[in-house]
Amino acid sequence: MRRQPLTQFESIAVRKKGDVAIVELMHPRAVDPADVALLRKELSALVEDGRAAKLIINLHRVQFLPSAVINVLVVMEKKARQQGGGIRLCRLRPEIEEVLKITGLDKWFKLDVDEELALAAWGRQGS
Amino acid sequence: MTVIQLMNRPEWLWQYHRAIPSLLRAGGPVLDEILRQLQVHGWGEQDIFAVHLSLEEALVNAIKHGNRSDPHKTVTIRCSLSARKFLVEIADQGQGFDPNAIPDPTDPEHIESPTGRGLMLMRTFMTKVEFNAKGNAVRMEKEKSPSEERTDKPAET
């Protein structure tokens, strides 16, 4: 299957820094199933073909995190972890952080204040 | 007290009743109108976020899981708003489900399961969440948070 170039995603913007992929979710409130399906497809394309196992997902644009999007992130985190990486989330609004705490996922994901701290944490974990 | 009796009480400042087809995009305008009315009636950002998230989850449950996106089935939304309370009932035409049979999504054994998180968020963010016996209608109440009360009312002596 032909790889989708990193610049051709719609629901995410991806930059690479060493072996870490920094991913921004572009949709402030992905509630439509079509939006959620696209996000799942694009994150899968990034994680499943081995292009990125260590991810930082920057949520600064996200105003609203419905359970359908949370489910996508949980599945992707597991896939990334199976490949020796994982997902760190950063720049969460307080209400988004609360949603993750309520659902017990603040321990499933690693949460960081910003990209710099998330990158430093990946650096400490090594490859 | 039945939903109809509740809806007929005099304190409601705004009431709304819509039946929508089982399409998630059909829920958008309904949601927008409800959130607008909460704003108009002086509800604060945190409470509006709580109602918004709970309504999104309840609508997805009704349309996708209840009616299985069958375009011949409808979802009915009834709500009432007072100065201090928001009441909403969302009913679908599906087979219903047993909310007590949904596993705890925070249990490490079930954390990867795609079900249960929406219901948990609804129960946390709303003051009260109840289902009918069949499990195809949910009634949710939200009381305005004390921190979001206006401070311009006369002090009690």
Side-chain angles (χ1 to χ4, degrees), chain A residues 11 25 27-41 43-44 47-48 59-83 85-87 89 92-111, chain B residues 20 22-32 34-35 44-65 67-69 71 99 102-126 129 145 147-148:
Chain A
S11 67
L25 298 200
H27 209 309
R29 47 187 296 268
V31 290
D32 192 286
D35 296 331
V36 179
L38 183 64
L39 179 66
R40 182 188 295 271
K41 185 182 158 202
L43 281 175
S44 294
V47 174
E48 284 178 351
L59 295 174
H60 78 105
R61 290 179 204 272
V62 177
Q63 297 165 3
F64 202 74
L65 200 64
S67 60
V69 174
I70 296 176
N71 292 340
V72 170
L73 296 180
V74 168
V75 170
M76 292 306 146
E77 211 287 334
K78 191 179 179 193
K79 285 182 175 165
R81 207 183 292 174
Q82 284 167 345
Q83 296 180 39
I87 293 179
L89 302 177
L92 288 79
R93 288 170 189 245
E95 54 271 31
I96 303 292
E97 195 166 336
E98 194 185 351
V99 164
L100 293 178
K101 279 184 182 158
I102 290 164
T103 51
L105 292 169
D106 56 324
K107 294 172 193 76
W108 178 262
F109 297 105
K110 302 282 187 295
L111 309 186
Chain B
I20 59 167
S22 300
L23 298 166
L24 275 167
R25 63 175 173 274
V30 172
L31 195 55
D32 288 347
I34 292 171
L35 299 178
E45 265 182 42
Q46 283 183 1
D47 282 342
I48 291 177
F49 177 85
V51 170
H52 186 177
L53 186 64
S54 304
L55 282 175
E56 289 277 11
E57 297 291 349
L59 282 169
V60 168
N61 284 347
I63 293 169
K64 204 171 146 192
H65 305 299
N67 286 351
R68 299 190 181 277
S69 303
I102 301 292
D104 176 0
T106 62
D107 181 338
E109 254 185 61
H110 301 294
I111 209 148
E112 291 170 54
S113 165
T115 56
R117 268 190 275 274
L119 184 57
M120 178 171 227
L121 291 171
M122 287 156 59
R123 284 192 163 133
T124 306
F125 280 106
M126 298 300 271
V129 176
S145 306
S147 61
E148 303 214 332

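Chain letters run A, B, ... following the sequence lines, proteins first and then strands; every chain starts at 1.
Proximity to chain A at a heavy-atom threshold of 4.5 Å picks out B:Pro105, B:Thr106, B:Ile111, B:Glu112, B:Ser113, B:Pro114, B:Arg117 from residues 104-117 of chain B, in numerical order. Contacts with chain B (heavy atom to heavy atom, under 4.5 Å) involve these residues of residues 99-107 of chain A, listed by number: A:Val99, A:Ile102, A:Thr103, A:Gly104, A:Leu105.
For the set B:Met120, B:Glu57, B:Lys64, the count of heavy-atom pairs under 4.5 angstrom toward chain A peaks at B:Glu57. Per-residue heavy-atom pair counts under 4.5 Å with chain B were compared for A:Val74, A:Ile70, A:Leu65, A:Asn71, and the maximum is reached by A:Asn71.
No more than 12 heavy atoms of other residues, nucleotides or ligands lie within 6.0 Å of CZ in B:Arg25, so this atom counts as exposed by the packing criterion. Surrounding CZ of B:Arg68 are at most 12 heavy atoms belonging to other residues, nucleotides or ligands under 6.0 Å away.
A:Glu95 meets the side chain to side chain donor-acceptor pair (under 3.5 Å) test with no other residue; sequence neighbours excluded. Partners of A:Phe64 according to the ring-ring contact (aromatic ring centres under 6.0 Å, His included) rule, which considers only residues two or more places apart in sequence or in another chain, are B:Phe49, B:His52.
Interface remark: B:Leu23 contributes no atoms to any contact with chain A (heavy atom separation under 4.5 Å). Of the two parts of A:Glu98, only the side chain, counted from C-beta on, holds a non-hydrogen atom closer than 4.5 Å to a non-hydrogen atom of chain B.
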